[in-house]
Amino acid sequence: MTGEGSLDEQSLGGKAPMGVLAAAKAAGVPTVVVCGRSLLEEGQWRAAGFTALHALADRASSAEESMRDAARLLRGVGHDIAASMLTPASN
């Protein structure tokens, strides 16, 4: 799991999430990215190699709420990630 305030094309150019992704890929581990907001299309972050993306902005009605209630929103993200790990993947 990795995180970024704003996931965008610059992030894909070598910022910390890409380092985490490279190490995870080398270990054969799927990588989930959690961010404040994503400016990438699903196809872009999937092509980069991320398994899932969770953006706080998708859970908030405004940027202000996303920042003000980050702890609450992150708990929801954590719950969703944990639930996805317990749910068998459908093939």
Side-chain angles (χ1 to χ4, degrees):
M1 186 178 310
T2 188
E4 181 83 348
S6 180
L7 191 71
D8 55 26
E9 289 192 18
Q10 185 178 9
S11 304
L12 300 181
K15 292 178 90 175
M18 296 309 290
V20 172
L21 179 62
K25 278 184 176 181
V29 176
T31 307
V32 175
V33 61
V34 178
C35 55
R37 68 178 182 163
S38 176
L39 300 178
L40 300 176
E41 298 292 327
E42 182 176 354
Q44 291 175 288
W45 58 261
R46 287 204 182 272
F50 293 106
T51 305
L53 179 142
H54 297 271
L56 300 188
D58 294 343
R59 297 166 176 267
S61 59
S62 67
E64 292 78 20
E65 179 190 0
S66 179
M67 291 182 277
R68 181 186 64 240
D69 295 337
R72 176 183 60 80
L73 296 168
L74 284 167
R75 282 191 296 275
V77 166
H79 179 271
D80 290 352
I81 292 170
S84 73
M85 294 173 72
L86 296 173
T87 304
S90 56
N91 294 329

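The analysis underlying the following values was restricted to heavy atoms, covering all of them including side chains, and did not include hydrogens, waters or symmetry mates. What you are looking at is a predicted structure, and each value in this text was computed from that prediction instead of being measured.
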Could you check if a side-chain atom of Arg59 sits within less than 4.5 angstrom of a side-chain atom of His54, using non-hydrogen atoms only?
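Yes, side chains in contact.
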
With Val33 as reference, evaluate Leu21, Thr51, Leu53, Val20 under the side-chain contact (heavy atoms from CB on, under 4.5 Å) test and give the passing residue.
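Testing Val33 for a side-chain contact (heavy atoms from CB on, under 4.5 Å) against Leu21, Thr51, Leu53, Val20 leaves exactly one candidate, Leu53.
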
Which atom names give the shortest non-hydrogen contact between [X] and [Y], and what distance separates them?
{"X": "Ser38", "Y": "Ala55", "value": "N-CB, 4.2 Å"}
{"X": "Ala48", "Y": "Met18", "value": "CB-CE, 4.3 Å"}
{"X": "Gly3", "Y": "Pro17", "value": "O-CG, 3.6 Å"}

Mind checking the [atom1]-[atom2] spacing from [X] to [Y]? Nearest 0.5 Å is all I need.
{"X": "Met67", "Y": "Ser62", "atom1": "CE", "atom2": "OG", "value": "8.0 Å"}
{"X": "Glu9", "Y": "Glu41", "atom1": "CD", "atom2": "CD", "value": "10.0 Å"}
{"X": "Leu7", "Y": "Arg37", "atom1": "CG", "atom2": "CZ", "value": "10.5 Å"}
{"X": "Ser66", "Y": "Leu73", "atom1": "OG", "atom2": "CG", "value": "6.0 Å"}
{"X": "Thr2", "Y": "Phe50", "atom1": "OG1", "atom2": "CZ", "value": "6.5 Å"}
{"X": "Cys35", "Y": "Leu56", "atom1": "SG", "atom2": "CG", "value": "7.0 Å"}

Between Glu65 and Ser61 (side chain of the first, backbone of the second, donor and acceptor by atom type, cut-off under 3.5 Å), is there such a pair?
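Looks like yes, one N/O pair under 3.5 Å.
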
Treat each ILVMFWY residue as a node, draw an edge where side-chain heavy atoms are under 4.5 Å apart, and state whether Met85 and Val77 are in one component.
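Met85 and Val77: one cluster.
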
State which residues pass salt bridge (charged side-chain N to carboxylate O under 4.0 Å, His left out) with Asp69; sequence neighbours excluded, sorted by chain then number.
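For Asp69, the residues satisfying salt bridge (charged side-chain N to carboxylate O under 4.0 Å, His left out) (neighbours in sequence not counted) are Arg72.
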
Just to verify, what does Glu42 make a salt bridge (charged side-chain N to carboxylate O under 4.0 Å, His left out) with, not counting sequence neighbours?
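Partners of Glu42 under the salt bridge (charged side-chain N to carboxylate O under 4.0 Å, His left out) test: Arg46.
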
With sequence neighbours excluded, what pairs up with Thr31 under the side chain to side chain donor-acceptor pair (under 3.5 Å) test?
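With sequence neighbours excluded, Thr31 shows a side chain to side chain donor-acceptor pair (under 3.5 Å) to no residue whatsoever.
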
